[in-house]
Amino acid sequence: MAYNLKEELSKPERFAPGHRLCSGCGAGILCRAMTRAIDEGDKAVITNATGCLEVSSFLYPYTAWEDSYIHAAFENASATASGVEAAYKVMKKKGKIDDTYKFLVIGGDGGTYDIGFQSLSGAMERGTDMVYFCYDNEAYMNTGIQRSSSTPRFANATTTPVGSVSNGKEQNKKNLTEIMVAHGIPYVAQTTYVGNMKDLHEKAHKAIYTQGPAFVNVMSPCPRGWQYPSQLLPEICKMAVETCVWPMYEVVEGEYHLTYEPKKKLPVEEFMKLQGRFKHCFKSGNEYTIEEAQKYVDKKWEALLAKCK
């Protein structure tokens, strides 16, 4: 059945306004999309790893969440959701619950790529019927903009500062989307907020209504950590996709599908120049940083195209 975005957007909000997320942060867009993707009549339990979103959306006694909500630690959000899903199955079998519940987990890259990885990997391997949404802002933004394994090479972070002996982080970004594919789970997707909102909503719905574990990785720019004016959120997301820094694709039962291909692949500097965390790359003598970034993006893009074909 065709996915009707207009109908989806007319659904009642399940993530309320009035939260404390920063202006220009995309995490709230993801929360609205993923909760709206739940069919009307179905209920949900949201498990949220510690992070920016948790402290901004659930400050007792106030909450932005209309569904049941659990604040978990950085390291155990997926394990928490696994326990809730197991309890639900038992209660459903015993006839104590008639409602249909969906189990959603959300966390930033710190609680997903790093601290919570063992919990996430375990839940995926066990086949827990849940969806993990990662809002990937590429650093530990909640605790001071420290680098994570998701931070891209050459990015300026507080633990990989730019100076006379360093040009930012030395390592390339971990490809967690591909690691999730390697778990052999039914559905894995990569998307972002702006440029094609249907892509985000459609993938969220597919993931939620896939039987078994699913994972959706969403590029989520951070105005403080990435150092951009809040109004540039749409442009940054667009350039991430048009430069192929962040390709939009999905893997269904092991089969790769490219969900968007730029008509003309733009150079990576069009993405980097919008962010203060890369401003040192444009200084005289640092031309190699942009060249290396371009080589890396080209290599990953060609590898993805080969898999999609």
Side-chain angles (χ1 to χ4, degrees), residues 26 29-30 109 112-113 133-139 148-156 168-182 187-204 215-222 225-228 232-252 254-279 281-282 286-309:
I29 300 174
L30 171 58
D109 53 284
T112 308
Y113 282 67
F133 290 91
C134 176
Y135 64 100
D136 186 359
N137 53 34
E138 299 189 329
S148 75
S149 64
S150 173
T151 307
R153 189 181 180 192
F154 305 121
N156 184 16
K169 189 188 172 202
E170 296 179 358
Q171 301 81 17
N172 283 312
K173 177 186 178 82
K174 180 195 288 184
N175 194 333
L176 184 60
T177 306
E178 289 293 336
I179 293 172
M180 289 296 103
V181 173
Y187 188 80
V188 178
Q190 192 166 282
T191 187
T192 188
Y193 300 126
V194 183
N196 188 348
M197 289 299 289
K198 184 179 179 182
D199 190 83
L200 170 61
H201 284 75
E202 189 167 12
K203 285 173 180 173
F215 178 83
V216 182
N217 207 0
V218 187
M219 173 172 274
S220 183
C222 170
W226 294 23
Q227 301 170 41
Y228 65 85
L232 284 187
L233 172 66
E235 183 68 12
I236 289 174
C237 292
K238 180 181 179 181
M239 286 299 103
V241 175
E242 296 296 333
T243 60
C244 300
V245 166
W246 190 257
M248 297 207 292
Y249 68 100
E250 62 185 1
V251 185
V252 183
E255 186 173 325
Y256 283 73
H257 303 275
L258 199 64
T259 56
Y260 177 80
E261 184 171 2
K263 292 181 180 179
K264 181 182 179 181
K265 181 168 170 281
L266 298 178
V268 69
E269 61 193 84
E270 295 299 315
F271 170 72
M272 297 172 68
K273 71 181 183 182
L274 300 173
Q275 307 160 55
R277 62 177 179 162
F278 292 120
K279 67 179 181 180
C281 296
F282 295 88
N286 288 342
E287 292 84 0
Y288 81 94
T289 61
I290 298 176
E291 293 171 4
E292 288 297 314
Q294 188 66 64
K295 287 178 184 177
Y296 178 73
V297 168
D298 291 346
K299 180 180 178 181
K300 302 297 287 185
W301 175 245
E302 291 302 321
L304 176 61
L305 288 179
K307 291 176 181 178
C308 291
K309 290 176 181 177

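Between C308 and L304, the closest side-chain pair of non-hydrogen atoms falls below 4.5 Å. A heavy-atom distance below 4.5 Å is found between the side chains of P262 and W301. Inter-residue side-chain proximity for F282 and E287 is flagged as unmet; no heavy-atom pair is nearer than 4.5 Å. Two residues are said to be in side-chain contact when any heavy atoms from C-beta on lie closer than 4.5 Å; N156 and F278 fail this criterion. By the 4.5 Å heavy-atom criterion applied to side chains, Y260 and P247 are not counted as neighbours. F215 is not listed as a side-chain neighbour of Y187, based on a closest heavy-atom distance of 4.5 Å or more.
A salt bridge links E138 to R277: at least one charged side-chain nitrogen sits closer than 4.0 Å to a carboxylate oxygen. Looking at K307 and E178, a side-chain N of the basic residue comes within less than 4.0 Å of a carboxylate O on the acidic one, giving a salt bridge. Ionic pairing of E270 and K273 is present here: one or more N-O contacts between side-chain nitrogen and carboxylate oxygen are shorter than 4.0 angstrom.
Judged purely by distance below 3.5 Å, without hydrogens or angles, the side chains of Q190 and T177 pair a donor atom with an acceptor atom. Side chain to side chain, K203 and T259 meet the donor-acceptor criterion of an N or O pair below 3.5 Å.
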Using atom types as modelled, flag every donor-acceptor pair under 3.5 Å from a side chain in residues 290-297 to any protein atom, sequence neighbours excluded.
| unit_1 | atom_1 | unit_2 | atom_2 | d |
| --- | --- | --- | --- | --- |
| Q294 | OE1 | V268 | N | 2.8 |
| Q294 | NE2 | D298 | OD1 | 2.9 |
| Y296 | OH | K173 | O | 3.4 |

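By the neighbour-count criterion of 12 heavy atoms within 6.0 Å, atom NZ of K265 is densely surrounded, having more than that number from other residues, nucleotides or ligands.
None of N175, D136, N217 except one satisfies the side chain to side chain donor-acceptor pair (under 3.5 Å) rule with S150; the exception is D136.
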